Amino acid sequence: MNIFQVPIPSDPKSIKGVASLIILATFVCGFYFLGTAFFANDFKILQRSEMELKDAGNRTISAKCKNRCRPPGSDGLPEGILAKTSNLDMRPLWGSVNDTNHSDRSVSLLAIAAGIKQKYLVDKIITKFLENGFVVMVFHYDGFVDQWYDLEWSSNVIHVSAMNQTKWWFAKRFLHPDIVAEYDYIFLWDEDLGVEHFDPGRYTSIIKEEELDISQPALDPGKSEIHHQITVRQRNSKVHRKYIKLKGGGRCYDNSTGPPCFGWVEMMAPVFSKAAWRCVWYLIQGDRKQKVGVVDAEYIVHLGVPSLGGSNHMSNETLIDHVNAKNSTIDTNNHIPQVRMQSYIEMRIFWRRWDEAVQNDKCWVDRYADHDRSKKKCVSGAC
């Protein structure tokens, strides 16, 4: 066995020096161990072992911990450190951020699908929303992002780009309810909208006062492409929730309760409260009889440009021409018929999935069906 030997000098002065060094080392080590005993709680991360939770004196704590509702994957973290929601506020790369001051933060979000051909229209829309303190996210479906950088607001908005995707594709992937939970209202708009007579601030005040969870601004009937009469602006009205048509096809009576006669908006310019968006994100509708309506006091123009491109509105002259002639030239190289056919195919797939889901979910109740709802009951615990 090898023994580590320390050579002892024969010189008395050297011996005295080694002895002093040993005494000093002993003093330092003693101070270290005593110090850590006093100050360990100040410098180490607080930990709690499983044995502590299983201790007889902590049985109540252990049972309580087992019953807590926690996000998946967070079991290894103390609950107080978890951040279950976030927002779309951009952060500086340097300097301090005062998270306690919420007075200047936006309470609403505009998310808009945009192509470079509609740059003029989108510029008008985003400028108006930014002037009212909105956070803005632009969904670029054509891949042209660099060509927006010449606009003054470009660096102040969030740009997301994916080729040939609809705004609903973007919304499902980038507007999760936990990410937009801080915003009271989410505007999920198309690009072909004229906002000359629209004020975002007044609009949010109206829908808050009317308690509308899902809404849209009414359409100017003289300049807009109208698909459903319930979206047409009614003069001398602030908000309407239903439409009455007693003659011709597609009649809507005073006692009609289903869309598009009652509680229905079109998807070119919907506005959701954050509570409604959490439901809509999961494809569940709210109470359409009370919480869905069209705002007449603030209205827009629907220019009817086909989704994913279409007519070029890069200038004001082009915009005026389009308003005067709604059948303006559309790019002959586009694939609008194929896109529409694909939409019909996907809608049939969706309804098939819906029917299968209804059959398999024994607890689901159709809130608007005429049958006796009391026959279906489901009791379950939920977090």
Side-chain angles (χ1 to χ4, degrees), residues 111-119 121-122 125 137-145 160-175 187-194 214 216 219 223-232 243 248-250 252 258-261 264-272 277 280-285 288 292 300-314 318 321-323 325-360:
I112 183 170
I116 196 61
K117 290 185 177 181
Q118 317 307 330
K119 185 176 181 180
L121 290 175
V122 175
I125 296 171
M137 176 180 281
V138 184
F139 299 142
H140 298 277
Y141 58 75
D142 57 3
F144 293 102
V145 180
V160 181
S161 178
M163 290 294 294
N164 296 328
Q165 303 303 313
T166 69
K167 70 176 181 181
W168 297 104
W169 183 92
F170 286 102
K172 183 68 175 181
R173 288 154 181 80
F174 299 102
L175 297 182
F187 290 61
L188 190 56
W189 280 22
D190 289 349
E191 59 192 332
D192 61 334
L193 304 174
I214 303 177
Q216 75 159 85
L219 303 182
K223 299 179 180 179
S224 300
E225 179 175 306
I226 304 296
H227 298 155
H228 302 278
Q229 288 299 315
I230 194 173
T231 63
V232 175
Y243 168 72
C252 293
C261 301
W264 187 86
V265 301
E266 197 170 359
M267 289 295 98
M268 101 284 286
V271 180
F272 305 94
W277 179 245
V280 171
W281 197 83
Y282 291 107
L283 298 182
I284 302 174
Q285 184 75 299
R288 64 170 176 256
V292 182
I300 59 176
V301 176
H302 180 212
L303 298 173
V305 176
S307 299
L308 302 178
S311 301
N312 190 325
H313 293 306
M314 292 291 288
T318 310
D321 291 341
H322 181 82
V323 172
K326 296 176 183 176
N327 59 345
S328 59
T329 303
I330 296 178
D331 185 1
T332 57
N333 295 323
N334 64 45
H335 302 280
I336 296 302
Q338 293 93 324
V339 171
R340 288 178 176 171
M341 179 57 67
Q342 184 64 27
S343 298
Y344 294 138
I345 293 173
E346 293 182 359
M347 180 57 71
R348 287 196 294 267
I349 295 174
F350 170 79
W351 282 120
R352 185 167 64 249
R353 289 179 54 206
W354 180 274
D355 292 339
E356 292 175 355
V358 170
Q359 292 176 2
N360 295 331

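For reference, positions follow the sequence shown, starting with 1. Computed over heavy atoms, backbone and side chain alike; hydrogens, waters and symmetry mates excluded. Predicted, not measured: the structure shown is a model, and the values here were computed from it.
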>> Tell me every residue that passes ring pair (Phe, Tyr, Trp, His ring centres under 6.0 Å) with Y243, counting only those two or more places apart in sequence or in another chain.
In response: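 Testing Y243 for ring pair (Phe, Tyr, Trp, His ring centres under 6.0 Å), a comparison that skips the adjacent residues, returns none.
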
>> Once ring pair (Phe, Tyr, Trp, His ring centres under 6.0 Å) is applied, do any residues pair with F187, and if so which ones, sequence neighbours excluded?
In response: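 Result, ring pair (Phe, Tyr, Trp, His ring centres under 6.0 Å) vs F187: F129, F134, W189, Y203.
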
Between the main-chain N or O of [Y] and the side-chain N or O of [X], is there a donor-acceptor pair closer than 3.5 Å?
| X | Y | value |
| --- | --- | --- |
| Q216 | M268 | no |
| K223 | H302 | no |
| K167 | F139 | no |
| W264 | H228 | no |

> Taking all non-hydrogen atoms of both residues, which atom of L175 and which atom of A111 are closest, and how far apart?
Replying inline: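 Looking at all heavy atoms of both residues, the shortest contact is CD1-CB, 3.8 Å.
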
>> Using every non-hydrogen atom in the two residues, find where I230 and C261 come nearest and quote the distance to one decimal.
In response: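 Nearest heavy atoms, I230 then C261: CD1-O, 3.7 Å.
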
> Mind checking what makes side-chain hydrogen bond (donor to acceptor under 3.5 Å, both in side chains) contact with Q229, not counting sequence neighbours?
Replying inline: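 Not a single residue meets the side-chain hydrogen bond (donor to acceptor under 3.5 Å, both in side chains) criterion with Q229.
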
>> According to side-chain hydrogen bond (donor to acceptor under 3.5 Å, both in side chains), who are the partners of Q359, at least two apart in sequence or on a separate chain?
In response: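 Residues passing side-chain hydrogen bond (donor to acceptor under 3.5 Å, both in side chains) with Q359: none at all.
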
> Just how far is it from atom CD1 of I300 to atom CG of D192, taken to the nearest 0.5 Å?
Replying inline: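 Separation between the atoms: 8.5 Å.
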
> Hey, what do you get for CZ (F170) to OH (Y141), rounding to the nearest 0.5 Å?
Replying inline: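 The OH atom of Y141 is 10.0 Å from CZ of F170, to the nearest 0.5 Å.
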
>> Checking M341 now: which residues fulfil side chain to side chain contact (heavy atoms under 4.5 Å, CB included) with it, not counting sequence neighbours?
In response: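 Here the qualifying residues are I345.
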
> Can you list the residues that meet the side chain to side chain contact (heavy atoms under 4.5 Å, CB included) rule with M163, with sequence neighbours excluded?
Replying inline: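 Here no residue qualifies.
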
> Given side chains that start at C-beta, do those of L188 and W168 come closer than 4.5 Å, heavy atoms only?
Replying inline: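 With C-beta onward as the side chain, the pair touches.
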
